[in-house]
Amino acid sequence: LQRVVFVYSGAKVKMVPVETGIADSTYMEIKSGVAAGDEVVTGSFSVITRTLRDGMTVRVEKPKTAEKK
């Protein structure tokens with residue numbers, strides 16, 4: 001089973017093989033394959049695994065901020 005992440009670069013994504021370490025149900029250690037400063041794509045599991053493809057053009061969504069009450 002190959003472990004990969006998608007890295008964002010120039011409005012497109014590139015599938016990058018990674019070496020993983022320890023993990024739990026929320027987090028996974030990435031031991032190698034990405035460098036400091038790489039923008040790793042995040043999203044729902046179904047979109048990342050079923051929709052996203054190497055070389056696909058994507059749009060960056062601005063982070064949502066908490067509303068003040």
Side-chain angles (χ1 to χ4, degrees):
L1 181 65
Q2 183 180 17
R3 306 272 183 186
V4 299
V5 297
F6 287 93
V7 175
Y8 176 79
S9 178
K12 294 191 182 246
V13 294
K14 178 178 176 153
M15 187 168 46
V16 178
V18 293
E19 179 186 355
T20 59
I22 61 173
D24 63 18
S25 60
T26 306
Y27 299 100
M28 181 176 293
E29 175 188 25
I30 304 296
K31 295 174 83 174
S32 65
V34 292
D38 284 350
E39 292 187 75
V40 176
V41 176
T42 62
S44 70
F45 179 79
S46 62
V47 170
I48 298 293
T49 59
R50 297 184 183 130
T51 306
L52 205 55
R53 298 287 177 252
D54 193 37
M56 211 175 196
T57 301
V58 296
R59 167 181 57 84
V60 174
E61 184 175 292
K62 293 180 183 181
K64 295 177 182 171
T65 58
E67 292 183 31
K68 293 182 181 180
K69 293 184 177 186

With sequence neighbours excluded, residues passing side chain to side chain contact (heavy atoms under 4.5 Å, CB included) with [X]:
| X | result |
| --- | --- |
| Leu52 | Phe6, Val13, Val41, Ile48, Met56, Val58 |
| Glu39 | Tyr8 |
| Ser46 | Ser44, Arg50 |

Does [X] sit in a hydrophobic cluster with other residues, and if so which ones, taking ILVMFWY side chains as linked at heavy-atom separations under 4.5 Å, directly or through other members?
| X | result |
| --- | --- |
| Val47 | none |
| Tyr27 | none |
| Val18 | Val5, Val7, Val16, Ile30, Val34, Val40 |
| Met28 | none |

Is any side-chain heavy atom of Pro17 less than 4.5 Å from a side-chain heavy atom of Gln2?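 SC-SC contact between Pro17 and Gln2 confirmed.
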Does anything in residues 51-66 pair up under side-chain hydrogen bond (donor to acceptor under 3.5 Å, both in side chains), and if so which pairs, sequence neighbours excluded?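 Applying side-chain hydrogen bond (donor to acceptor under 3.5 Å, both in side chains) to every pair that reaches into residues 51-66, excluding sequence neighbours, yields nothing.
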Sequence neighbours excluded, which residues qualify as side chain to side chain donor-acceptor pair (under 3.5 Å) partners of Ser32?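 Listed in chain order: Glu19.
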Could you measure the distance from the CD atom of Glu29 to the NZ atom of Lys31? Nearest 0.5 Å is fine.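 Glu29 CD to Lys31 NZ: 6.0 Å, rounded to 0.5 Å.
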